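First the structure, in the form of C-alpha coordinates, and then the observations on it.
A quick note: this is a predicted structure, and the numbers were derived from the prediction, not measured.
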Amino acid sequence: MNDLPPEVGQAVLEFNQGEFYACHDTLEALWTEAREPERTFFQGVLQLAVACYHLQNQNQRGAVLLLAEGCRRLNQYWPAYSWVDVASLVEQAQALLECLQTNQPPQAWPKLHIVTLAPISPSVGVDDGFDGE
(Lines give C-alpha, C1' and ligand atoms only; values in the text may rest on other atoms or scores of the structure.)
Protein backbone atom coordinates (compact mmCIF):
# COMPACT_ATOMS: atom_id res chain seq x y z
CA MET A 1 0.00 0.00 0.00
CA ASN A 2 2.99 2.26 0.26
CA ASP A 3 3.00 2.74 -3.51
CA LEU A 4 -0.41 4.43 -3.53
CA PRO A 5 -0.41 8.04 -4.67
CA PRO A 6 -1.06 10.60 -1.91
CA GLU A 7 -4.33 11.53 -3.64
CA VAL A 8 -5.79 8.23 -2.39
CA GLY A 9 -5.37 9.39 1.21
CA GLN A 10 -6.82 12.76 0.27
CA ALA A 11 -9.88 11.07 -1.32
CA VAL A 12 -10.50 8.94 1.78
CA LEU A 13 -10.24 11.98 4.02
CA GLU A 14 -12.61 14.01 1.83
CA PHE A 15 -15.11 11.15 1.60
CA ASN A 16 -15.11 10.49 5.35
CA GLN A 17 -15.49 14.19 6.14
CA GLY A 18 -18.50 14.50 3.82
CA GLU A 19 -16.65 16.63 1.26
CA PHE A 20 -18.10 14.64 -1.61
CA TYR A 21 -17.62 17.18 -4.40
CA ALA A 22 -13.93 17.51 -3.55
CA CYS A 23 -13.69 13.73 -3.26
CA HIS A 24 -15.25 13.43 -6.71
CA ASP A 25 -12.56 15.69 -8.17
CA THR A 26 -9.76 13.79 -6.44
CA LEU A 27 -11.07 10.37 -7.45
CA GLU A 28 -11.78 11.47 -11.00
CA ALA A 29 -8.14 12.46 -11.43
CA LEU A 30 -7.07 9.03 -10.12
CA TRP A 31 -9.67 7.21 -12.22
CA THR A 32 -8.68 8.84 -15.51
CA GLU A 33 -5.04 7.80 -15.03
CA ALA A 34 -5.69 4.29 -13.65
CA ARG A 35 -5.59 1.00 -15.50
CA GLU A 36 -7.74 -2.04 -14.82
CA PRO A 37 -8.57 -3.45 -12.34
CA GLU A 38 -7.93 -0.27 -10.35
CA ARG A 39 -9.82 1.91 -12.83
CA THR A 40 -13.19 0.22 -12.27
CA PHE A 41 -12.56 0.18 -8.51
CA PHE A 42 -11.95 3.95 -8.45
CA GLN A 43 -15.05 4.43 -10.59
CA GLY A 44 -17.19 2.51 -8.10
CA VAL A 45 -15.95 4.56 -5.14
CA LEU A 46 -16.36 7.72 -7.22
CA GLN A 47 -19.99 6.82 -7.93
CA LEU A 48 -20.68 6.39 -4.22
CA ALA A 49 -19.15 9.81 -3.53
CA VAL A 50 -21.31 11.42 -6.21
CA ALA A 51 -24.38 9.63 -4.83
CA CYS A 52 -23.68 11.19 -1.43
CA TYR A 53 -23.17 14.56 -3.09
CA HIS A 54 -26.60 14.17 -4.72
CA LEU A 55 -28.12 13.46 -1.30
CA GLN A 56 -26.57 16.64 0.08
CA ASN A 57 -28.45 18.45 -2.69
CA GLN A 58 -31.76 16.62 -2.16
CA ASN A 59 -31.44 14.66 -5.42
CA GLN A 60 -32.60 11.26 -4.20
CA ARG A 61 -33.21 9.87 -7.68
CA GLY A 62 -29.61 10.60 -8.71
CA ALA A 63 -28.35 9.13 -5.44
CA VAL A 64 -30.32 5.91 -5.91
CA LEU A 65 -28.99 5.42 -9.44
CA LEU A 66 -25.37 6.01 -8.48
CA LEU A 67 -25.51 3.99 -5.26
CA ALA A 68 -26.79 1.00 -7.23
CA GLU A 69 -24.19 1.42 -9.97
CA GLY A 70 -21.32 1.97 -7.51
CA CYS A 71 -22.30 -1.15 -5.55
CA ARG A 72 -22.53 -3.15 -8.76
CA ARG A 73 -19.01 -2.13 -9.72
CA LEU A 74 -17.55 -2.66 -6.25
CA ASN A 75 -19.12 -6.08 -5.73
CA GLN A 76 -16.48 -7.62 -7.99
CA TYR A 77 -13.82 -6.50 -5.45
CA TRP A 78 -15.57 -8.14 -2.47
CA PRO A 79 -14.55 -8.46 0.38
CA ALA A 80 -11.51 -6.18 0.12
CA TYR A 81 -9.39 -4.55 -2.51
CA SER A 82 -6.07 -2.82 -2.13
CA TRP A 83 -6.66 -0.28 0.62
CA VAL A 84 -10.42 -0.55 1.24
CA ASP A 85 -12.71 -2.82 3.23
CA VAL A 86 -15.07 -3.17 0.27
CA ALA A 87 -17.52 -5.39 2.15
CA SER A 88 -18.09 -2.66 4.74
CA LEU A 89 -18.44 0.10 2.14
CA VAL A 90 -20.87 -1.86 -0.05
CA GLU A 91 -22.96 -2.95 2.94
CA GLN A 92 -23.25 0.69 4.06
CA ALA A 93 -24.18 1.80 0.54
CA GLN A 94 -26.77 -0.96 0.19
CA ALA A 95 -28.31 -0.01 3.56
CA LEU A 96 -28.53 3.61 2.40
CA LEU A 97 -30.02 2.51 -0.93
CA GLU A 98 -32.68 0.49 0.88
CA CYS A 99 -33.56 3.49 3.07
CA LEU A 100 -33.98 5.66 -0.01
CA GLN A 101 -36.03 3.06 -1.88
CA THR A 102 -38.39 2.62 1.08
CA ASN A 103 -38.75 6.39 1.62
CA GLN A 104 -37.31 6.40 5.12
CA PRO A 105 -36.69 9.83 6.64
CA PRO A 106 -33.20 11.36 6.31
CA GLN A 107 -32.46 10.88 10.01
CA ALA A 108 -32.62 7.08 9.39
CA TRP A 109 -30.09 7.19 6.55
CA PRO A 110 -26.71 5.66 7.42
CA LYS A 111 -23.60 7.68 6.67
CA LEU A 112 -21.07 6.12 4.36
CA HIS A 113 -17.53 5.82 5.68
CA ILE A 114 -14.51 4.31 3.94
CA VAL A 115 -12.67 1.93 6.24
CA THR A 116 -9.11 1.28 5.17
CA LEU A 117 -7.22 -1.92 5.82
CA ALA A 118 -4.06 -0.12 6.94
CA PRO A 119 -2.91 3.45 7.30
CA ILE A 120 -2.65 4.89 3.82
CA SER A 121 -0.51 7.97 4.02
CA PRO A 122 0.18 9.42 7.43
CA SER A 123 1.79 12.40 5.75
CA VAL A 124 -1.63 13.70 4.64
CA GLY A 125 -3.20 13.25 8.07
CA VAL A 126 -5.91 10.85 6.98
CA ASP A 127 -8.49 9.80 9.56
CA ASP A 128 -9.00 6.54 7.75
CA GLY A 129 -10.82 4.53 10.37
CA PHE A 130 -7.91 2.12 10.84
CA ASP A 131 -7.59 1.25 14.49
CA GLY A 132 -4.48 -0.94 14.33
CA GLU A 133 -6.22 -4.23 15.08
Side-chain angles (χ1 to χ4, degrees):
M1 283 191 233
N2 293 334
D3 59 343
L4 291 172
E7 293 84 8
V8 169
Q10 179 182 343
V12 170
L13 180 63
E14 292 164 344
F15 190 101
N16 288 345
Q17 290 182 342
E19 299 171 9
F20 299 113
Y21 190 82
C23 181
H24 160 270
D25 288 345
T26 303
L27 285 171
E28 189 172 53
L30 289 165
W31 170 70
T32 58
E33 297 295 320
R35 296 177 191 249
E36 292 300 340
E38 207 167 50
R39 182 175 171 83
T40 298
F41 176 74
F42 282 136
Q43 186 177 17
V45 177
L46 172 66
Q47 287 174 316
L48 296 184
V50 175
C52 292
Y53 177 74
H54 282 316
L55 281 180
Q56 287 176 334
N57 293 293
Q58 290 80 45
N59 178 358
Q60 287 190 22
R61 184 175 182 275
V64 165
L65 293 171
L66 286 170
L67 282 167
E69 190 60 27
C71 286
R72 186 188 66 76
R73 279 199 166 77
L74 291 175
N75 273 329
Q76 64 187 305
Y77 299 95
W78 190 276
Y81 180 74
S82 183
W83 45 276
V84 169
D85 179 347
V86 174
S88 171
L89 184 58
V90 169
E91 287 168 0
Q92 293 171 56
Q94 288 174 333
L96 177 57
L97 182 59
E98 184 177 320
C99 285
L100 295 172
Q101 290 173 328
T102 58
N103 297 315
Q104 293 185 27
Q107 47 281 31
W109 299 348
K111 304 289 184 218
L112 289 142
H113 182 83
I114 295 174
V115 177
T116 59
L117 302 172
I120 293 178
S121 178
S123 62
V124 290
V126 173
D127 175 17
D128 57 15
F130 180 71
D131 62 9
E133 293 181 13

message: Once you measure the plane-to-plane angle for Phe20 and Phe15, does it fall in the parallel (<30°), tilted (30-60°) or perpendicular (>60°) bin?
response: perpendicular
message: For a 4.5 angstrom cut-off between non-hydrogen side-chain atoms, does Leu66 reach Tyr53?
response: no
task: Kindly compute the distance separating CG (Leu13) from OG1 (Thr26), expressed to the nearest 0.5 Å.
output: 9.5 Å
- line: Smallest heavy-atom separation, Ala51 atom then Ala63 atom, equals O-CB, 3.4 Å
task: Take Tyr81 and Leu74 through the side-chain contact (heavy atoms from CB on, under 4.5 Å) test and state the conclusion after the steps.
output: CA-CA 9 Å; Tyr81 180 74; Leu74 291 175; over 6 Å; no
task: Taking Gln56 for its side chain and Gly18 for its backbone only, find out whether a donor-acceptor pair lies under 3.5 Å.
output: yes
- prompt: Step by step, would you call Val64 with Leu97 a side-chain contact (heavy atoms from CB on, under 4.5 Å)?
  reply: CA-CA 6 Å; Val64 165; Leu97 182 59; 3.7 Å; yes
field: All side chain to side chain contact (heavy atoms under 4.5 Å, CB included) counterparts of Gln92, not counting sequence neighbours
entry: Ser88, Leu112, His113
query: Which atom pair, heavy atoms only, marks the closest approach of Ser82 to Leu117?
result: O-CD1, 3.6 Å
- prompt: Are any of the side-chain heavy atoms of Ile114 and Leu48 separated by less than 4.5 Å?
  reply: no
field: Crowding at CD, Gln101 (>12 non-hydrogen neighbours, <6.0 Å)
entry: yes
message: Membership question, hydrophobic clusters at under 4.5 Å side-chain separation (ILVMFWY): are Val50 and Leu65 in the same one?
response: no
field: Heavy-atom side-chain proximity of Trp83 to Val12 below 4.5 angstrom
entry: yes
- prompt: Rounded to the nearest 0.5 Å, what separation is found between the CG atom of Asp25 and the CD atom of Glu19?
  reply: 11.5 Å
- line: When rounded to the nearest 0.5 Å, the distance separating CH2 of Trp109 from CD of Gln60 is 4.0 Å
- prompt: Do Gln94 and Glu98 get their side chains close enough for a donor-acceptor pair, meaning under 3.5 Å?
  reply: no
field: Gln43 CD to Glu28 CD distance, which is reported to the nearest 0.5 Å
entry: 10.0 Å
- line: Distance col, row Leu67:CG vs Cys52:SG, nearest 0.5 angstrom, shows 6.5 Å
- request: Please report the shortest heavy-atom distance between Ala108 and Cys99, naming the atom on each side.
  value: O-SG, 3.8 Å
message: Applying side chain to side chain contact (heavy atoms under 4.5 Å, CB included), can you list everything that pairs with Glu36, at least two apart in sequence or on another chain?
response: Arg39, Thr40, Tyr77
Gln47 and its side-chain hydrogen bond (donor to acceptor under 3.5 Å, both in side chains) partner, picked from His24, Arg73, Glu69: Arg73
query: Which distance, rounded to the nearest 0.5 Å, do you find between the CG of Asp85 and the CH2 of Trp78?
result: 8.5 Å
